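Just so it is clear, the model here is predicted, and its values are computed rather than measured. Computed over heavy atoms, backbone and side chain alike; hydrogens, waters and symmetry mates excluded.
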Amino acid sequence: MEGRTVVGWAARDASGILSPYTFTLRKTGPEDVVIKVLYCGMDHTDLHQMRDELHLTNYPLVPGHEVVGEVLELGSEVKKYIVGDMVGVGCIVGSCGSCISCNSNKEQYCNNRILTYNGIYKDGRPTQGGFSSHMVVHQKFVVSIPETLSPEQAAPLLCAGVTAFSPLRQFMGSGKVLNAGILGLGGVGHLGVKIAKAMGHHVTVISTSDKKREEALQHLGADAFLVSSNATQMEEAAYTLDYILDTVPAFHPLQSYISLLNFDGKLLLIGASPKLLEFNATELNIGKKTISGSFIGSMEETQEILDFWAEKNLTSMVEVVKMDYVNKAFERMERNDVRYRFVVDVAGSDLE
């Protein structure tokens with residue numbers, strides 16, 4: 001059965017241009033939460049999906065998986081939330097619930113995970129994201145926004161923040177001051193710097209040019225800045241880092257960064273490069289170094305990063321825009337013209 005009719009902004013083809021789109025939500029089930037969308041963050045993945053650059057995109061496509069909103073209605077079996085609660089929705093809205101990943105509270109790795117948009121829900125309907133007035137989401141895939149976090153500040157944490165937090169979580173409580181490298185200072189990278197610093201690590205930002213040095217050191221609180229195109233700096237920094245969080249969402253050579261890792265160092269890949277990345281395995285072998293991937297975060301980790309952000313009194317660097325500016329904002333995002341994350345004021349926009 002059909003639910004309420006809503007308005008969102010959708011891409012109709014691989015041009016990725018968004019425009020108003022009216023569609024119908026699925027009927028609210030007993031464990032569903034109906035959410036009035038207030039804000040939604042903008043992500044590079046949105047751009048890739050809108051342009052059909054990652055995998056087959058089903059059009060029309062309403063993007064957005066950094067969603068913050070207000071609970072408007074509850075299914076009869078929902079006990080976690082009440083009407084009026086501030087809640088969030090991240091990158092997935094469903095999973096099988098019975099595989100090893102789901103039973104380990106790592107549902108993002110479930111082979112049958114359901115993406116917030118460009119997925120197929122259990123009823124066969126396509127999922128649509130947070131660039132819309134309302135959403136219907138199963139309570140398991142909804143998180144609570146701490147009272148001390150403003151909604152526009154919370155939004156980037158639901159994808160970018162938890163994507164950086166999930167692989168760094170392994171270092172929490174180690175009691176060691178680790179030497180961290182953050183590769184790439186964009187929407188995810190700037191959050192990675194803040195998380196690593198809040199964990200007590202010594203943070204080096206690695207970038208291809210000197211342009212973001214002042215931003216990294218003075219505004220984000222990094223301890224050091226390394227220009228990867230400067231051979232002398234790279235040679236001096238060899239074998240100094242315990243881990244590198246690689247946030248670059250494009251092709252880049254890995255070998256020079258592997259050389260920065262100390263014995264037993266870890267290169268943590270979280271950027272979604274559309275092209276193959278290459279490296280020489282010899283240095284991994286003789287240095288006991290590892291390359292590992294990480295994909296977004298679990299629901300448990302998503303709640304943790306929100307609580308961590310509030311507890312540490314951290315802030316996201318965002319630029320809030322209206323929906324009628326969203327196509328221009330994606331153009332600016334593509335050329336890295338944003339500090340550091342766009343957030344759409346959905347509720348404050350004229351969607352029609």
Side-chain angles (χ1 to χ4, degrees), residues 6-11 16-21 35-47 49-50 62-72 85-91 116-117 128-135 143-164 185-195 212 215 219-220 247 249 302 305-306 309-310 312-352:
V6 300
V7 179
W9 275 46
I17 301 299
L18 300 176
S19 58
Y21 170 60
I35 300 168
K36 177 186 177 181
V37 178
L38 301 179
Y39 291 88
C40 187
M42 293 174 57
D43 186 48
H44 266 98
T45 303
D46 297 334
L47 200 55
Q49 295 275 27
M50 287 153 48
V62 178
H65 56 203
E66 295 181 335
V67 187
V68 177
E70 180 183 347
V71 174
L72 200 63
D85 279 352
M86 193 70 65
V87 296
V89 178
C91 299
T116 300
Y117 64 87
Q128 302 288 13
F131 283 23
S132 59
S133 59
H134 299 80
M135 296 179 73
V143 291
S144 297
I145 304 299
E147 290 184 2
T148 55
L149 277 185
S150 64
E152 67 272 21
Q153 283 284 312
L157 303 178
L158 296 165
C159 175
V162 74
T163 297
L185 195 58
V188 179
H190 99 279
L191 297 175
V193 172
K194 292 193 169 221
I195 293 167
K212 294 183 179 180
E215 185 78 36
H219 298 286
L220 295 178
T247 73
T302 304
I305 181 59
L306 290 164
W309 212 253
K312 300 292 185 180
N313 198 29
L314 301 175
T315 56
S316 312
M317 296 181 71
V318 301
E319 180 177 337
V320 178
V321 299
K322 301 291 188 182
M323 190 67 81
D324 60 6
Y325 187 78
V326 72
N327 290 307
K328 182 69 173 179
F330 275 119
E331 290 177 10
R332 287 179 53 195
M333 177 193 291
E334 194 169 22
R335 60 177 187 265
N336 296 319
D337 180 22
V338 57
R339 296 175 61 241
Y340 276 95
R341 203 76 172 174
F342 283 116
V343 175
V344 182
D345 178 4
V346 178
S349 298
D350 181 1
L351 299 183
E352 299 187 34

Participant: Taking only residues two or more places apart in sequence, or in another chain, which ones meet Thr45 in a side chain to side chain contact (heavy atoms under 4.5 Å, CB included)?
Facilitator: Asp43, Gln49, Leu54, His65, Tyr117

Participant: With sequence neighbours left out, write down each residue that passes salt bridge (charged side-chain N to carboxylate O under 4.0 Å, His left out) with Asp85, or none if nothing qualifies.
Facilitator: none

Participant: Given side chains that start at C-beta, do those of Tyr340 and Leu191 come closer than 4.5 Å, heavy atoms only?
Facilitator: no

Participant: Kindly say whether Gly8 contributes a backbone atom to a donor-acceptor pair with the side chain of Ser132 at under 3.5 angstrom?
Facilitator: no

Participant: Return all side-chain donor-acceptor pairs below 3.5 angstrom for residues 148-163, not counting sequence neighbours, or 'none' if the list is empty.
Facilitator:
unit_1, atom_1, unit_2, atom_2, d
Gln153, OE1, Ser316, N, 2.5
Gln153, NE2, Ser316, O, 2.8
Thr163, OG1, Cys159, O, 2.6

Participant: Taking the side chain as every heavy atom from C-beta outward, state whether Met42 and Val344 have any pair of such atoms under 4.5 Å apart.
Facilitator: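 Touching, per the 4.5 Å side-chain cut-off.
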
Participant: Return the set of residues passing salt bridge (charged side-chain N to carboxylate O under 4.0 Å, His left out) with Lys36 (not counting sequence neighbours), or none when no residue passes.
Facilitator: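 Expected list: none.
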
Participant: What residues, two or more places apart in sequence or in another chain, satisfy side chain to side chain contact (heavy atoms under 4.5 Å, CB included) together with Val37?
Facilitator: Val67, Met135, Val346

Participant: Side-chain contact test, heavy atoms from C-beta onward, threshold under 4.5 Å: evaluate it for Trp9 versus Leu351 and give yes or no.
Facilitator: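 Yes, their side chains come closer than 4.5 Å.
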
Participant: Determine yes or no for a side-chain-to-main-chain donor-acceptor pair under 3.5 angstrom, with Asn327 supplying the side chain and Leu18 the backbone.
Facilitator: yes

Participant: Any side-chain heavy-atom pair from Met317 and Arg341 closer than 4.5 angstrom?
Facilitator: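 Side-chain contact under 4.5 Å: no.
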
Participant: Partners of Lys322 by side chain to side chain donor-acceptor pair (under 3.5 Å), sequence neighbours excluded?
Facilitator: Asp345

Participant: Sequence neighbours excluded, which residues qualify as side chain to side chain contact (heavy atoms under 4.5 Å, CB included) partners of Val338?
Facilitator: Glu319, Phe342

Participant: Ignoring hydrogens, what is the shortest heavy-atom contact between Gly41 and Asp46? Give both atom names and the distance.
Facilitator: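 Gly41 and Asp46 have their closest heavy atoms at O-OD2, 4.0 Å.
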
Participant: Among all residues two or more places apart in sequence or in another chain, which pass the side chain to side chain donor-acceptor pair (under 3.5 Å) test with Ser144?
Facilitator: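 Side chain to side chain donor-acceptor pair (under 3.5 Å) check on Ser144 returns nothing, list empty.
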
Participant: Would you say Leu220 and Lys194 make side-chain contact, with heavy atoms under 4.5 Å?
Facilitator: yes

Participant: Using a 4.5 Å cut-off on heavy atoms from C-beta on, say whether the side chain of Val87 contacts that of Ile35.
Facilitator: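 Yes. Closest side-chain heavy atoms under 4.5 Å.
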
Participant: My understanding is that only residues two or more places apart in sequence, or in another chain, count here; which of them pass ring-ring contact (aromatic ring centres under 6.0 Å, His included) with Tyr21?
Facilitator: Phe23

Participant: Can you name the side chain to side chain donor-acceptor pair (under 3.5 Å) partners of Lys212, sequence neighbours left out?
Facilitator: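 Counting only residues at least two positions away or on another chain, Lys212 forms no side chain to side chain donor-acceptor pair (under 3.5 Å).
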
Participant: Using every non-hydrogen atom in the two residues, find where Leu38 and Met86 come nearest and quote the distance to one decimal.
Facilitator: CD1-SD, 3.6 Å

Participant: Compare all side-chain heavy atoms of Thr116 with those of Gln128 and state whether any distance is below 4.5 angstrom.
Facilitator: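 Answer no - side chains too far apart.
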
Participant: Check whether any side-chain heavy atom of Val326 lies under 4.5 Å from a side-chain heavy atom of Val321, and answer yes or no.
Facilitator: no

Participant: Applying side chain to side chain contact (heavy atoms under 4.5 Å, CB included), name anything that partners Asp337, two or more places apart in sequence or on another chain.
Facilitator: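 Listed in chain order: Arg332, Arg335.
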
